[in-house]
Amino acid sequence: MCQETDETIKHTEDFKREAVRIALSSGLSRTRVASDLGIGKSTLAKWIVDYRPDEAGSGQ
């Protein structure tokens with residue numbers, strides 16, 4: 001799921017996408033999801049911006 005280099009943890013793209021999927025579909029608060037996954041709330045928020053499923057064309 002993640003690689004530890006020095007004191008920085010690098011999560012895989014799959015882990016990030018799954019975290020976003022859980023945050024958007026689980027009904028749990030983002031604070032709870034972040035805590036359960038062992039990441040910061042601001043990290044999860046950034047991943048949601050970066051990895052949110054493309055909604056292009058949904059309003060057309």
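Sequence positions, counted from 1, serve as the residue numbers for this chain. These numbers come from a predicted model, not from an experiment.
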Please list, one pair per line, the donor and acceptor atoms closer than 3.5 Å that link side chains of residues 19-30 to other protein atoms, with sequence neighbours excluded.
{"unit_1": "Arg21", "atom_1": "NE", "unit_2": "Glu18", "atom_2": "OE1", "d": "3.1"}
{"unit_1": "Arg21", "atom_1": "NE", "unit_2": "Glu18", "atom_2": "OE2", "d": "3.3"}
{"unit_1": "Arg21", "atom_1": "NH2", "unit_2": "Glu18", "atom_2": "OE2", "d": "2.6"}
{"unit_1": "Ser25", "atom_1": "OG", "unit_2": "Arg21", "atom_2": "O", "d": "2.6"}
{"unit_1": "Ser26", "atom_1": "OG", "unit_2": "Ile22", "atom_2": "O", "d": "2.8"}
{"unit_1": "Ser26", "atom_1": "OG", "unit_2": "Leu28", "atom_2": "N", "d": "3.1"}
{"unit_1": "Ser29", "atom_1": "OG", "unit_2": "Arg32", "atom_2": "N", "d": "3.0"}

Expected list for residues 44-51: side-chain donor-acceptor pairs under 3.5 angstrom, two or more places apart:
{"unit_1": "Lys46", "atom_1": "NZ", "unit_2": "Asp50", "atom_2": "OD2", "d": "2.6"}
{"unit_1": "Tyr51", "atom_1": "OH", "unit_2": "Glu13", "atom_2": "OE1", "d": "2.4"}
{"unit_1": "Tyr51", "atom_1": "OH", "unit_2": "Glu13", "atom_2": "OE2", "d": "3.2"}

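Lys16 NZ to Ile39 CD1: the interatomic distance, rounded to the nearest 0.5 Å, is 10.0 Å. In this structure, OG1 in Thr43 is found 11.0 Å from CG in Leu37, a value given to the nearest 0.5 Å.
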